[in-house]
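Presented below is the structure to which this report refers.
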There are 2 protein chains.
Amino acid sequence: MVDEAVRLIHAEGIAALTLREVGSRLGVSRSALYRHFADKDALVAAVALEGFRMLRAALREAWRTAAPGPRRLDGMGTAYVRFAVEHPSHYRVMFGADLAAMSETVAASDESVDAFQALVDGIVAQQRDGHLRPDEPKQLALYIWAVVHGVAMLALDGRLPPDVDVAALSGLANERLHTGIAR
Amino acid sequence: MVDEAVRLIHAEGIAALTLREVGSRLGVSRSALYRHFADKDALVAAVALEGFRMLRAALREAWRTAAPGPRRLDGMGTAYVRFAVEHPSHYRVMFGADLAAMSETVAASDESVDAFQALVDGIVAQQRDGHLRPDEPKQLALYIWAVVHGVAMLALDGRLPPDVDVAALSGLANERLHTGIAR
DNA sequence: ACCTGAACACCGTTCAAGT
DNA sequence: ACCTGAACACCGTTCAAGT
């Protein structure tokens, strides 16, 4: 069901995600879905949780494989935007207004908290090695998050001019971000 | 109708914006609204256009009243986030996924383009006075936009931890943003 | 345990009919 | 010109009934 929901959003957009269509594609009646999820919000939340799990893995992987040094955080920024661009259906559900109502539960989930923690961990490590300003790590993490989230949202919502390459903007953002927070 | 739509979103959330409720609050049948707007999207677009008009005015005003000098752009960043926080209903419609389908027309509107242009104008002026890196102004503007948009979206969607003050984060963002792009 | 089909209370939208 | 009321094709959700 979760996979089918993601495929449906990817193919037809988030507005086309209806329980009827999910059921139809799975060859089952719409009411049958209620045997597996409490309601539509629960299905959407499951997609969001899967997304946060994937994002967390992508961020940790980016940190792990990045060369140590002052630029080690850059990989996480690139990985974040790339995740959003490569998994727009997940990202839209994770941060869309549709989830705003029930966001408390999803935001409090281990998956979501851990994804953010991966960034905080990286910041603390870079501060320890003297590569980053000794600001409050959580505040700094929120700032970095806002930057990459802003780039991702503008890209996904088609708000960037057509001649602008997302990867190029992401690269520029990483450069200016780095200059702004480096020690 | 536009005012009533904004009031309704403000009071009940964007999901509660229905033509039936708007009509009911105006003491008129739902079908009567079609005499003034082609469909619901057209009403939503009108709210978005009003929002971009207000945002443009707020940005230009912030630039006009800011003290000249290297910090003159900071006021625009603060004004942007403040606009989003003070007019969440407008902002949500302007940048929400609901408008994504028809965003081409709204994004191409004078109101929207002018709001962005206000930022580009400020950047060019600051570069001329030697306060800013001589990067491509449009690219720089997109980066700054991403930063303030990211802060605004996280704040509006309730994604910030409860102990985080939006104004404080906006201030920190402005500081780090400035360091990253100053000459 | 899992599914179906009908029903209910909502949507946006259309259209003939009224003033 | 502007509005109404009924109708249509959609939603999510519930529930008695089936296997």
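All heavy atoms count here, side chains included; hydrogens, waters and symmetry mates do not. What you see is a predicted model; the values in this text were computed from it and never measured. The chains referred to below are lettered A, B, ... by the order of the sequence lines, with proteins before strands, and numbering in each begins at 1.
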Q | Per-nucleotide protein contact string for nucleotides 6-19 of chain C (B base, S sugar-phosphate only, - none; heavy atom under 4.0 Å) | A | B----BBBBB----
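- Scored by the side chain to side chain contact (heavy atoms under 4.5 Å, CB included) test, B:Ala141 finds B:Phe116, B:Leu119, B:Val120, B:Ile123 as partners (sequence neighbours excluded).
- Close to D:dC3, at under 4.0 Å from its OP1 or OP2, lies a side-chain N or O of B:His36.
- A salt bridge (charged side-chain N to carboxylate O under 4.0 Å, His left out) check over residues 113-133 of chain A, counting only residues at least two apart or in different chains, returns the pairs A:Arg56-A:Asp114, A:Arg60-A:Asp121, A:Arg133-A:Asp135.
- With respect to the salt-bridge test (charged N to carboxylate O, under 4.0 angstrom), the residues A:Glu175 and A:Arg71 qualify.
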Q.
Taking Watson-Crick (N1-N3 plus N6-O4 or O6-N4) and G-U wobble (N1-O2, O6-N3), each under 3.5 Å, can you produce the dot-bracket string of DNA chain D? Use [ ] for crossing pairs and | for inter-strand ones.
A. ||.|||||...|||||.||
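- Between B:Phe95 and B:Tyr80, the two ring planes are tilted [angle within 30° to 60°].
- Note on ring orientation: taking the six-membered ring where Trp is involved, the planes of B:His90 and B:His87 are perpendicular (angle over 60°, cut-offs 30° and 60°).
- Cluster membership check: A:Met94 does not share its hydrophobic cluster with A:Val113, using side-chain heavy-atom separations under 4.5 Å among Ile, Leu, Val, Met, Phe, Trp and Tyr.
- Partners of B:Pro161 by side chain to side chain contact (heavy atoms under 4.5 Å, CB included), not counting sequence neighbours, listed by chain and number: A:Lys138, A:Leu142, B:Asp163, B:Val164.
- Annotation: side chain to side chain contact (heavy atoms under 4.5 Å, CB included) contacts of A:Glu86 (sequence neighbours excluded): A:Arg82.
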